[in-house]
Visitor: 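Below you'll find the structure I mean.
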There are 2 protein chains.
Amino acid sequence: MAVNPQLFKGSLNTIILNLLHEKGKMYGYEITKKVLEISNSQFQLTEGALYPALHKMETDGLLEVSVKLVDNRPRKYYSITKKGKKESVLKLKELLQFISQMQSFLQLKQAGL
Amino acid sequence: MAVNPQLFKGSLNTIILNLLHEKGKMYGYEITKKVLEISNSQFQLTEGALYPALHKMETDGLLEVSVKLVDNRPRKYYSITKKGKKESVLKLKELLQFISQMQSFLQLKQAGL
DNA sequence: CTACTATACCTAAGATAATTATGTATATTT
DNA sequence: AAATATACATAATTATCTTAGGTATAGTAG
């Protein structure tokens, strides 16, 4: 009973930013696994969606990268910048507003408006 | 303090279907005004988004149309089909799941996971 | 009586963002 | 030896929305 992935689309950056805000630093592959885990396998964040999103947020100055060599393979750790933290708080607010908005819409529906 | 319109994108059809499920029949212009009203002007559903969505749902058999002449102008009333009702219930479930999913994500965040 | 606003439909060009399908390469498990 | 997991990445396509425009009638404001 997976959640319609369409709904997550608008919240992708919000999820990533808040994860990084919380965890400090993570690398791409780790993020995909973590999101799968905390969503009980309901939100499969594909790499084709993730990597371009990470690159864009880096370009926008929300994230910064440090590369580390692990097992002879380079890993790109993303951490959140000051600007990114502001953005993550903002996006969290927006998400909460959206949720409350949709809930009141559904309540109106049940009230028979 | 308007809600980020990006978040509504994935819920456009859900909103339209549930409105029509509730109200019986509505026409396009009426839907834009109603959505603006019940969202306290926070979600401006543009016509460029609405009409293509209505046409697609009609093609998909979720909606059906009856044209009425009001003040010498044709109005296209959309009503929901049996198939559309099933879809609206499904989409409502998906939305509630998404909301609960995001809330548990935010709780995990506050718990410091 | 003219201009603006509201009503009511619509589409097309462009932007954005996701999916799907690949591609590369190493390490581990079967 | 083959398959899976790890770890990065991009390109083509598709979906969906914004922006901007178009048509037309009716009512209101100056």
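Every chain is numbered from 1 and lettered A, B, ... according to where its sequence line falls, protein lines coming before strand lines.
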Visitor: Give, ordered by number, those residues of residues 54-65 of chain B having at least one heavy-atom distance below 4.0 Å to an atom of DNA chain C; if nothing qualifies, reply none.
Guide: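 By residue number: B:His55.
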
Visitor: Within the structure, does a side-chain N or O atom of B:Tyr51 lie under 4.0 Å from either OP1 or OP2 of C:dC9?
Guide: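 It does, given that an N or O in the side chain of B:Tyr51 lies less than 4.0 Å from OP1 or OP2 of C:dC9.
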
Visitor: For A:His21 and A:Leu17, indicate whether the former's side chain and the latter's backbone hold a donor-acceptor pair under 3.5 Å.
Guide: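 Such a contact is absent between A:His21 side chain and A:Leu17 backbone.
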
Visitor: Sub-3.5 Å donor-acceptor pair from the side chain of B:Thr14 to the main-chain atoms of B:Leu92, do we have one?
Guide: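 Flag not set: sc B:Thr14 to bb B:Leu92 has no pair under 3.5 Å.
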
Visitor: Give, for atom CD of B:Glu22 and atom CD1 of B:Ile80, the distance between the pair rounded to the nearest 0.5 Å.
Guide: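 Those atoms lie 10.5 Å apart.
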
Visitor: Taking any atom closer than 4.0 angstrom to a non-hydrogen atom of chain B, what span of DNA chain D does the protein reach, first nucleotide to last?
Guide: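 First-to-last contact on DNA chain D, by the 4.0 Å heavy-atom rule, is D:dC17 to D:dA26.
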
Visitor: With the threshold set at 4.0 Å, does a side-chain nitrogen-carboxylate oxygen contact exist between A:Lys34 and A:Glu37?
Guide: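 A:Glu37 and A:Lys34: salt-bridged.
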
Visitor: If I take atom CD in residue B:Glu47 and atom P in nucleotide C:dA6, what distance separates them, rounded to the nearest angstrom?
Guide: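 So the CD-P distance, B:Glu47 to C:dA6, works out to 13 Å.
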
Visitor: Look at all strands and tell whether A:Lys33 reaches a base, only sugar-phosphate, or nothing, counting heavy atoms closer than 4.0 Å.
Guide: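 Counting heavy atoms under 4.0 Å across all strands, the contact made by A:Lys33 is with sugar-phosphate only.
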
Visitor: Whole angstrom is fine here: how far is it from OH in A:Tyr29 over to C1' in C:dT24?
Guide: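 The distance from OH of A:Tyr29 to C1' of C:dT24 comes to 15 Å, rounded to the nearest Å.
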
Visitor: Does B:Lys76 make a side-chain N or O approach to OP1 or OP2 of C:dC10 shorter than 4.0 Å?
Guide: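 Checking B:Lys76 against C:dC10: at least one side-chain N or O falls below 4.0 Å of OP1 or OP2.
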
Visitor: Dump the intermediate steps for ring pair (Phe, Tyr, Trp, His ring centres under 6.0 Å) on A:Tyr27 and A:Tyr78, then the final yes or no.
Guide: CA-CA 6 Å; A:Tyr27 56 98; A:Tyr78 288 87; 9.8 Å; no

Visitor: With side chains defined as the heavy atoms from C-beta onward, is the minimum distance between B:Lys86 and B:Leu62 less than 4.5 Å?
Guide: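 With C-beta onward as the side chain, the pair stays apart.
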
Visitor: Touch check for B:Gly48, heavy atoms < 4.0 angstrom, all strands: base, sugar-phosphate only, or nothing?
Guide: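 Base contact.
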
Visitor: Using modelled atom types and a 3.5 Å cut-off, is there a donor and acceptor pairing between side-chain atoms of A:Lys25 and backbone atoms of A:Ser66?
Guide: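 No: the side chain of A:Lys25 does not pair with the backbone of A:Ser66.
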
Visitor: Measuring to OP1 and OP2 of C:dA8, would you say a side-chain N or O of B:Arg75 lies under 4.0 angstrom away?
Guide: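 Yes, B:Arg75 has a side-chain N/O under 4.0 Å of OP1/OP2 on C:dA8.
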
Visitor: End-to-end bend of the helix from C:dC1-D:dG30 to C:dT30-D:dA1 (five-pair axes, 10° rounding)?
Guide: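 That helix gives 10° between its end axes.
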
Visitor: What's the CG-P distance between A:Leu12 and C:dT16, to the nearest Å?
Guide: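 Rounded to whole Å, this separation is 16 Å.
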
Visitor: Going by the side-chain contact (heavy atoms from CB on, under 4.5 Å) test, name the single residue among B:Asn18, B:Ile15, B:Leu20 that passes it with B:Ser88.
Guide: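 Of the listed options, the one satisfying the test is B:Asn18.
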
Visitor: Please give, in whole Å, the distance from C:dT7 P to B:Leu50 CG?
Guide: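 Taking CG of B:Leu50 and P of C:dT7, I get 15 Å after rounding.
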
Visitor: Please report the C-alpha distance between A:Arg75 and A:Tyr77 in whole Å, then the side-chain angles of each, then the deciding distance to 0.1 Å, and finally whether the side chain to side chain contact (heavy atoms under 4.5 Å, CB included) criterion is met.
Guide: CA-CA 6 Å; A:Arg75 243 187 222 170; A:Tyr77 279 94; 2.9 Å; yes

Visitor: On DNA chain D, does the nearest nucleotide to A:Lys9 precede the nearest nucleotide to A:Glu30 from the 5' side, or the other way round? Give the residue.
Guide: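 Per heavy-atom nearest nucleotide, the more 5' residue is A:Glu30.
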
Visitor: Are B:Val35 and A:Phe105 side-chain neighbours, meaning at least one heavy-atom pair lies under 4.5 Å?
Guide: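 Side-chain contact under 4.5 Å: no.
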
Visitor: Are the side chain of A:Thr81 and the backbone of A:Gly61 linked by a donor-acceptor contact shorter than 3.5 Å?
Guide: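 Present.
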
Visitor: Starting from the 5' end of DNA chain D, give me the residue, A:Asp71 or B:Asn72, whose nearest nucleotide shows up first.
Guide: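 On the 5' side of the pair lies A:Asp71.
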
